[in-house]
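Here is the structure we will look at, set down as structure tokens.
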Amino acid sequence: MQVNDNKEFQPLIVAFCCNWCSYAGADLSGTNRLNYPTNVKIIRVPCSCRVNPIFILRAFQRGADGVILCGCHPGDCHYTSGNYFTRRRMTLLFSMLDFLGIERDRTRVEWVSAAEGAKFAATMNEFTEAVKKLGPNRRLEDLRCRKQ
Amino acid sequence: MLKISIEKLNGLFKAVAEKQTLYIPADRADGASEYKKYEDGMTLSKNLNTLRSAKDFFFPQTENLADFKVEGKKIEVIDIREEAEDFVVFGVRACDARSFTILDKVFLSEPVDSYYKNRREHGTIVTMACAKPAETCFCGTFGIDPTEPEGDVSCWSDGDSIFFRPNNEKGQKFVDSVSELLEDGDTAKLDETKAQTKEIMAKLPLANLSTEAFGGDTLMEHFKSEKWAELSESCLGCGTCTFVCPTCQCYDIKDFNTGHGIKRFRCWDSCMYSDFTKMAHGNIRNSQLERFRQRFMHKLVYFPSNNNGEFGCVGCGRCLSKCPISMNIVKVMKALEVK
Amino acid sequence: MNANDTLIPYIGVVTDIREDTPDVKTFRVNAIAPDGTVGGKVFEHMPGQCAMLSVPGVGEGMFSITSSPTNKEFMEFSIKKCGCLTTWLHAMEVGQQITLRGPYGNHFPVETDLKGKDLLFIAGGIGLAPLRSVINYVRDNRANYGDVQIIYGSRSKDDLVDYQEIINEWCNDDGITVNLTIDREQEGWDGHVGFVPNYVKELNPSLSKTVLICGPPIMIKFTLAGLKELGFTETQVYTTMELRMKCAVGKCGRCNIGDKYVCKDGPVFRFDQLDELPDEY
Amino acid sequence: MQEAIISRAKQLLADGTVNRVIGWKRGEFAYDITPAIFESPEEIDADFVYDDFTSANVSKYLVKESRKEGKILAFLKTCDTYSLNQLTKEHRVDRDNIYVVGIPSDGKLDVEKIKAKGITGITGVERNGDILTVKTIYGDETMSVADAMSNKCLSCKSKKHVTYDELIGEDGEVTDTNRFDMVEKLENMTSQERYDFWRNELSKCIRCNACRNVCPACTCENCVFNNPDSGVENKAAADSFEENMFHIIRAFHVAGRCTDCGECSRVCPQNIPLHLLNRKFIKDINSLYGEYQAGADTTSKAPLNNYTFDDCEASIVHERGVE
């Protein structure tokens, strides 16, 4: 585990991972001892399509600085078409967040298969870096939830 | 009477704002006005009234009541109440000024609501007489004279100057604090303005609206009226009327889990909402008819029944202009008073 | 801001949990002193009054205080599992702290109108909870009241709240008649079978009695009709009500029946008072 | 126009085609018109009104009304027919129980806009060509009709009725409007500017839920914001997050189903331009997944219930427009 003794900002990342591909991908990156930040909190969902826009917003409310949604590659969905719906939904949602002036780099969709442990780790590192540059989430923050 | 010329009014605002927070009605980009914290250069709105009423100052839409820390089986209550800071609300109209009397009857009756009382004690209300009432005004129906507003200090404008009259100790303190800016003035022109306003009041379309058919003793008669079905059929069940109303005071208490504690907060609620009376085992007001009836019965019958005949409406006309489907207390009164 | 506000609750500790029926538990609550000592009551009350119980983050609700004011050691609440908060309460263990505020509402006129009278208690299911406070108050001040009759019915034998107390204490008291009934025949039950309203009519209680009734709305409705048939007047019958409440002090505006707030002007009403109000309950 | 509508309504009542009529009822003033149901010719004669202020879309009432006994006559303006079509498609109304008479509209007036000019004490309004004469207790005032026109009519998308059993007057055409202008303008701002714009607008929200309750696409039996089990139930937005949350989810839930009738902005007591959120979704859908007009038909698949294998990736949001 990384020990963070300087006060550098460590973003909290919530990663919604589909049970069949991305969660297995995350597992693989772990068994392969690949590094990705400890502040990435994985939430397993049956399918990326299970993720309601409310989930994304709630993650921000509860202190996430970035939210990433990982699912099977288009065409590989365990339920045939779930991730196609996810793709449309999330495109529109992210576009709306952008429209409201929420920094667009705080949200991302990435397709990660069960075999792509390396891609999972790389994606998380890259995404964390991008969010780190933005600093803490302030525009979509619930002040009541901010830790004093 | 003490007065200040209108050109110098901003100087007075500045002097007040230096000592305590001052709120004045200010114009918004969309033409409506709302109370804003006074900052240098802000001007007083010329609109008759603000979009939202002044009740927010004493009974805000949401406020924190208490915090809780929960650890295992242990609970700790944290009293977060703090003494409010002194503030002044300037330009409150006669209708809104009366609404405080009505809210007082609810919140200052035993057991006293300390949150409300705290702000009430620290707020000074400076009222402003109306000169140009709108067609939606019917404060006269409830015995309010818009040319003689209540409040801690009453103000009038004759077009050139603003006149001040303190009504109590708090008001006197306010007038004293700005006395060097005030001068003694002649009220001849003001009396003329008042007379003109009264003439207009008598000509308003709702001038003849009467409360005669309402009050505590008409409870069952109005409750059982068959007209509620027709009146309520187009109601959307939104909370617009409730939230713009200066006298609506129903609230909800809810807990919010912040992840590191529980915040218990109170927020405005509306009897028009479907979950207002919903319990684990059912709902006593299941239809919009019953909820609609509750709101108007509360204002016209239940409230006077419990408060010596005082009605729970001040005739500010906000619901008349804001209801999405234009169903309002005036239409209800006119429908119900016909036997 | 030293003055206390009724909206800010006290802390109580659950010191005993008794499983009365499959869906009713009785919780014993004690006060907790700043130094952590547990004991005594959080506040005093009169029979029929209520308290707002809450678990922060879960919810707050009005519950009638089941124990008698004559009990100086603790308060008790008999609570049926039916919603979010009550489900949580049913899952908790001894030692759990909860918050309380109160007492709220009026009470049964035990020191005025009911004094010296013959009393008839009629309860159905969890409706015994608010009456238990009165019954025990009457038992502890026996000299002040005349004959006491208790008619209590439930769905089944297992659903009779406080069955042990009824059998072991109430039934053994002098001057107290207890009539139990259950809705349907059940093995091991040799008592009366049938609905409460019918049982009341069968028992044909004396018209001199003052009636205190609590139970499901439908039971109250038919029992009241039955009592009227027998010759009782509405001024003789008291009941206690419950509606959704938030503030418990008549300010939040939701528990009203006409111009009366159940939390402040109630929960105890005499039926002739309810007659003058809309039937929105 | 009002006479023609009234006489047709009375005919259809008399010949038994329908047993009630949904329309608009006269108010206290010239402008406070309430949607209402009429059951007799006498009621219609007394109160039925169709004029410059009858802008309320009555199609949502048909969700309940069409399930009642007997056929109901509904007078629908062009934009209202889109809403009804969408409701028909979602099986929220029983279309067979509704007799739709399409009526033309040459734009409705918004009294708020008149009042914003400082005109008060309004007793009557007269429209003569482009000039509006407002009668008040303080004397007559004039202004241009365009200045008093409601926002939803200023960007009217269509003069063509998409569903009707009969028409009064001539049917128009789908109009080519500038309705996405403001959305585009916002898109071209910087992220910070957009944020400031929306904070200023959404912080006015008093959570009266009028936008939700009036919306013909919002017909859930129990809204997620009313459901204590949803975890996001809130009555008053306690802070800016909850304001954003409510408006994002409200607009998202009608994305692909919103016909752009403009009722949400019309009823907003705080004059928040809520339709911009809906239009942003419409604009995105049009540009990313092909032109789509909700309510134009009753058979097409909604964009969010549909997909193609080569849809764009969500990263497109990062690639276009202003950061």
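Just so it is clear: chains get the letters A, B, ... in the order the sequence lines come, proteins before strands, and each one is counted from 1. The structure displayed is predicted, hence computed values, not measured ones.
- Below 4.5 Å, heavy atoms of chain D meet heavy atoms from B/L320, B/S321, B/K322, B/P324, B/I325, B/S326, B/M327, B/N328, all part of residues 318-328 of chain B.
- With a 4.5 angstrom heavy-atom cutoff, B/T240 touches chain D via backbone and side-chain atoms both.
- B/S33 does not touch chain D: none of its heavy atoms, backbone or side chain, sits under 4.5 Å away.
- Comparing D/A237, D/A236, D/A116 by how many heavy-atom pairs each has under 4.5 Å with chain B, the most go to D/A236.
- A distance of 6.0 Å separates CD in D/E242 from CZ in B/F256, rounded to the nearest 0.5 Å.
- Note that CD of B/E199 and CD1 of D/I137 are 12.0 Å apart. Values are rounded to the nearest 0.5 Å.
- Here the closest heavy-atom approach between residue B/D252 and residue D/K235 is recorded as OD2-NZ, 2.9 Å.
- Around CD of B/E39, the count of heavy atoms belonging to other residues, nucleotides or ligands within 6.0 Å does not exceed 12.
- Contact annotation for D/I206: both backbone and side-chain heavy atoms come within less than 4.5 Å of a heavy atom of chain B.
- The structure places OG1 of B/T136 at 5.0 Å from NZ of D/K115, a figure rounded to the nearest 0.5 Å.
- Panel note: side chain B/E135, backbone D/I122; a donor-acceptor pair is recorded below 3.5 Å.
- For chain D, the nearby part of B/L206 is the side chain; its heavy atoms alone come within less than 4.5 Å.
- Residues that satisfy the side-chain contact (heavy atoms from CB on, under 4.5 Å) test with B/T43, not counting sequence neighbours, are B/N10.
- Annotation: cation-pi geometry satisfied between B/K132 and D/Y138 (NZ/CZ under 6.0 angstrom from ring centroid, within 45° of ring axis).
- Only the side chain of B/K334 comes within contact range of chain D, with heavy atoms under 4.5 Å apart.
- Listed options B/E34, B/K254, B/K263 were ranked by heavy-atom pairs under 4.5 angstrom with chain D; first place goes to B/K254.
- Here the SG atom belonging to D/C208 is positioned 12.0 Å from the CE atom belonging to B/M272, to the nearest 0.5 angstrom.
- Looking at B/S234 and D/K25, their side chains never bring a donor and an acceptor atom within 3.5 Å of each other.
- Remark: B/K278 NZ is loosely packed, at most 12 non-hydrogen atoms of other residues, nucleotides or ligands lying under 6.0 Å away.
- Both the backbone and the side chain of D/A210 come within less than 4.5 Å of a heavy atom in chain B.
- Chosen from D/N213, D/T120, D/N234, the residue pairing most often with chain B at heavy-atom distances under 4.5 Å is D/N213.
- Once rounded to the nearest 0.5 Å, the distance linking CZ of B/F265 with CG of D/D239 reads 10.0 Å.
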Report, one line per pair, each donor and acceptor closer than 3.5 Å where one atom sits in a side chain of residues 266-275 of chain D; sequence neighbours left out.
| residue | atom | partner | partner atom | Å |
| --- | --- | --- | --- | --- |
| D/R266 | NE | D/E263 | OE2 | 2.8 |
| D/R266 | NH2 | D/E263 | OE1 | 2.9 |
| D/Q270 | OE1 | B/R28 | NH1 | 2.8 |
| D/Q270 | OE1 | B/R28 | NH2 | 3.3 |
| D/Q270 | NE2 | D/K204 | O | 3.0 |
| D/N271 | ND2 | B/D30 | OD2 | 3.1 |
| D/H275 | ND1 | D/S265 | OG | 2.5 |

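- Along residues 225-232 of chain B, the residues that come nearer than 4.5 angstrom to chain D, judged on non-hydrogen atoms, are B/E230 in order of number.
- Residue with the most contacts toward chain B among D/E65, D/R207, D/K64: D/R207 (heavy-atom pairs, distance under 4.5 Å).
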